Amino acid sequence: MLTLNFLRENKDFVIKRLRVKNFDATGILDTILSLDASRRELQTRSDSLQAEMNRVSKEIGALLKNGNRQEAETAKEKTYSLKEEIKSISVRLEAIEDELRNEIIKLPNLPHESVAEGRGADDNVKYREGGKIFELPDNALPHLDLIKKYDIIDFDLGVKLTGAGFPVYKGKGAKLERALINFFLDEGIKAGYTEVLPPIVVNEDSGFGTGQLPDKEGQMYHVTLDNFYLIPTAEVPVTNIYRDVILSGENLPIKNIAYTPCFRREAGSWGAHVRGLNRLHQFDKVEIVQIAHPDHSYESLEEMVNHVEGLVLKLGLPYRIMRLCGGDMSFTSALTYDFEVWSAAQKKWLEVSSVSNFESFQANRLKCRFKDKGDKQTRLVHTLNGSALALPRIVAALLENNQTDSGIIIPEVLVPYTGFDKIS
RNA sequence: GGAGAAAUGGCAGAGUGGUCGAAUGCGGCGGUCUUGAAAACCGUUGUCCUGCUAUCGCGGGACCGGGGGUUCGAAUCCCUCUUUCUCCGCCA
């Protein structure tokens with residue numbers, strides 16, 4: 001959510017920047033600015049009426065103390081109309097504030113000045129790449145077949161227990177999953193992240209704080225009886241740790257890492273291209289989150305990109321890093337890097353991480369602020385997060401890329417975690 | 001799940017209808033003293049909205065867990081929700 005102050009002072013700039021995201025903000029901004037003007041007018045009127053009310057009330061108190069009952073009664077008469085007027089203004093004010101908020105949350109975050117224009121994924125810009133794309137022999141199998149061949153993940157059993165998209169990991173498949181989680185966590189901790197293990201269901205306030213609510217409730221599983229939501233990513237609980245807090249500048253950046261299962265309803269998009277591990281309703285992910293000083297958040301972003309790159313490199317997967325164009329970026333993001341790994345049997349790039357700087361967009365919703373030493377004013381922090389990493393597609397790529405006639409070779413860095421070096 | 005008690009500033013903790021944004025202590029910040037530090041002493045110390053001001057700032061309003069009510073006036077009384085604690089029950 002952009003701040004009202006900023007919108008008030010930068011209308012044309014906002015319109016111009018949002019064009020990069022193919023978003024026309026003109027109408028919304030006009031509405032916002034006119035609502036804001038009425039809001040301030042009502043606020044001023046209400047404040048002065050309240051001041052008058054307070055003054056008279058004090059007077060009544062003093063009169064009663066001195067035993068002037070008669071005068072006190074006269075003064076009371078005066079308050080009745082004041083009271084009514086204040087009430088009617090506050091009702092209107094509340095309505096306008098609601099309306100204003102509803103308009104403001106329609107505006108996406110401004111893309112960073114370096115973000116390229118573009119309509120969709122085809123316009124993303126390659127930022128870096130590594131590893132070699134290689135050809136597999138003709139008899140190479142896609143991961144779904146490998147999974148069946150070695151009996152390490154059972155989709156049908158998941159259907160029995162829950163439904164499509166809830167796989168059951170078995171034997172070495174389960175161990176591999178757990179190994180990856182621990183490997184990712186340990187690498188993050190080594191890089192200075194503090195681990196948290198948060199709840200995986202959250203309340204409405206948390207959903208709002210990170211921007212899933214009110215718009216995207218369809219993407220989340222909703223526990224209606226308690227009005228909780230299953231998290232689509234650890235970003236939600238972890239970032240919301242810092243909701244409604246004022247941090248001190250010297251403690252920034254705060255770096256957290258968390259493993260959680262993630263749940264996505266992902267209505268639509270079924271079919272052959274999402275078979276196997278490519279898209280699931282429940283999957284495992286290790287997430288890194290930073291709460292950064294606005295003057296240094298892009299250094300944090302760079303650091304996070306480097307961290308994720310290190311993970312992919314250690315796993316030996318061919319990868320490329322894309323800078324998303326305006327049209328492909330999320331509503332909340334100012335700058336996003338997507339990581340894609342090469343899945344050799346499917347012959348396609350799989351997105352395994354998305355690392356973003358949200359600048360103060362989330363922070364404004366979260367009311368997460370900080371104060372630099374000596375400063376009187378609070379400022380909004382910048383929030384960033386990235387997957388490090390999302391597991392299923394990593395597993396898919398590892399299985400496909402590392403298949404041999406005698407089995408699937410486990411990357412060396414994982415062997416201490418799996419306890420085996422081959423799935424056969 | 002049943003019964004009771006409570007929720008106040010960064011923390012501890014006073015405050016049961018007016019002069020309370022809120023005593024006091026601790027902590028934090030600034031200063032005096034000191035070669036330096038500690039101690040002691042003095043001062044200062046929240047958030048949000050809004051008006052004026054180029055800025056420092058000054059004025060007004062709101063905020064004592066959330067929401068609602070009573071009253072001229074609410075931290076204080078009433079209702080409701082949430083959370084915490086104690087006892088009982090159940091339990092990984």
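To find a chain, count down the sequence lines: A is the first, B the second, and so on, and within it residues start at 1. Just so you know, these numbers come straight off a predicted model, no measurement behind them.
Separation of the C1' atoms belonging to U71(B) and U76(B) is 13 Å when rounded to the nearest angstrom. Annotation: G13(B) and C91(B) have their P atoms spaced 36 Å apart (nearest Å). Across the P atoms, A23(B) and U16(B) are found 15 Å apart, a figure rounded to whole Å. Straight-line distance between the P atoms of U47(B) and C56(B): roughly 15 Å, to the nearest whole Å. Straight-line distance between the P atoms of C78(B) and G17(B): roughly 12 Å, to the nearest whole Å. Using atom C1' as the reference point in both A54(B) and C72(B), the two lie 43 Å apart (nearest Å). A distance of about 10 Å separates the C1' atoms of G21(B) and A75(B), rounded to the whole Å. To the nearest whole angstrom, the two P atoms, one in C29(B) and one in G66(B), are 29 Å apart.
In terms of phosphate contacts, Lys376(A) brings no side-chain nitrogen or oxygen within less than 4.0 Å of OP1 or OP2 of G57(B). Side-chain nitrogen and oxygen atoms of Arg39(A) include at least one within less than 4.0 Å of the OP1 or OP2 phosphate oxygen of U50(B). The side chain of Asn54(A) contributes an N or O atom lying less than 4.0 Å from OP1 or OP2 of G61(B). Between Arg40(A) and C49(B), a side-chain N or O to OP1/OP2 separation shorter than 4.0 Å is absent. Note on Lys83(A): a side-chain N or O is less than 4.0 Å away from OP1 or OP2 of G73(B). The phosphate of U50(B) has neither OP1 nor OP2 within less than 4.0 Å of any side-chain N or O from Arg45(A). A sub-4.0 Å separation between OP1 or OP2 of U71(B) and a side-chain N or O of Ser57(A) is absent. Here Arg8(A) reaches the OP1 or OP2 of U50(B): one of its side-chain N or O atoms lies under 4.0 Å away. Residue Gln43(A) places no side-chain N or O under 4.0 Å from the OP1 or OP2 atom of G61(B).
Ser46(A) comes within contact range of no nucleotide atom at all, as no heavy-atom separation falls under 4.0 Å. Heavy atoms of Ser48(A) sit nowhere under 4.0 angstrom from any nucleic acid atom. Within the 4.0 angstrom heavy-atom criterion, only backbone atoms of the sugar-phosphate kind lie near Ile246(A); the bases stay farther away. Among the protein residues, Ala75(A) comes within range of no part of the nucleic acid, since none of its heavy atoms lies under 4.0 Å from any strand. In this structure, Lys367(A) reaches neither bases nor backbone, as no heavy-atom distance under 4.0 Å exists between it and the strands shown.
Using a 4.0 Å cut-off between charged nitrogen and carboxylate oxygen, Glu187(A) and Lys314(A) count as a salt-bridge pair. Salt bridge Asp47(A)/Arg40(A): absent, no basic N to carboxylate O contact under 4.0 Å. Ionic pairing of Arg8(A) and Asp36(A) is present here: one or more N-O contacts between side-chain nitrogen and carboxylate oxygen are shorter than 4.0 angstrom.
Between Lys58(A) and Glu52(A), the residue anchored nearer the 5' end of RNA chain B, judged by the nucleotide with its closest heavy atom, is Lys58(A).
Partner assigned to A92(B) is none, using Watson-Crick or G-U wobble distances below 3.5 angstrom. Pair check for G51(B) finds C58(B); Watson-Crick or G-U wobble, both atom distances under 3.5 Å. The nucleotide U83(B) finds its pairing partner in A6(B), both defining distances of the Watson-Crick or G-U wobble pair being shorter than 3.5 Å. Of all nucleotides present, only G18(B) satisfies the Watson-Crick or G-U wobble test against C72(B), with each distance under 3.5 Å. Taking a pair to require two hydrogen-bonding distances under 3.5 Å in either a Watson-Crick or a G-U wobble arrangement, U35(B) remains unpaired. Across all strands shown, the partner of C29(B) is G43(B), judged by Watson-Crick or G-U wobble contacts whose two distances both fall under 3.5 Å.
One can place CG of Leu35(A) at 18 Å from P of C49(B), the figure rounded to the nearest angstrom. Separating the CD1 atom of Ile86(A) from the P atom of G73(B) is a distance of 9 Å, rounded to the nearest angstrom. The nearest whole Å value for the distance from the CD1 atom in Ile60(A) to the C1' atom in A74(B) is 15 Å. Summarising the geometry, the separation between CG on Leu82(A) and C1' on G73(B) is reported as 13 Å, rounded to the nearest angstrom. As rounded to whole Å, 16 Å separates atom P of A62(B) from atom CG of Leu42(A). Distance CD1 (Ile89(A)) to C1' (U50(B)): 14 Å, rounded to an integer number of Å. Rounded to whole Å, atom C1' of U50(B) lies 13 Å from atom CD of Glu41(A). Between Gln50(A) atom CD and C49(B) atom P there is a gap of 17 Å when expressed in whole angstrom units.
Aromatic ring centres of Tyr259(A) and Phe184(A) lie farther apart than the 6.0 Å criterion allows.
Considering only the side chain of Thr378(A), U47(B) comes nearest among G51(B), U47(B), G60(B). Here the side chain of Arg369(A) is nearest to one of C48(B), G51(B), G46(B), namely C48(B).
Judged purely by distance below 3.5 Å, without hydrogens or angles, the side chains of Thr210(A) and Glu235(A) never pair a donor atom with an acceptor atom. Side-chain polar atoms of Ser206(A) and Arg243(A) form a donor-acceptor pair below 3.5 angstrom.
Here the closest non-hydrogen pair linking Pro198(A) and Ala258(A) is CD-CB, 4.1 Å. The shortest non-hydrogen separation linking Phe361(A) to Pro108(A) is CE1-C, 3.7 Å.
Contact annotation: side chain of Asp47(A) to base of G61(B), donor-acceptor pair absent below 3.5 Å.
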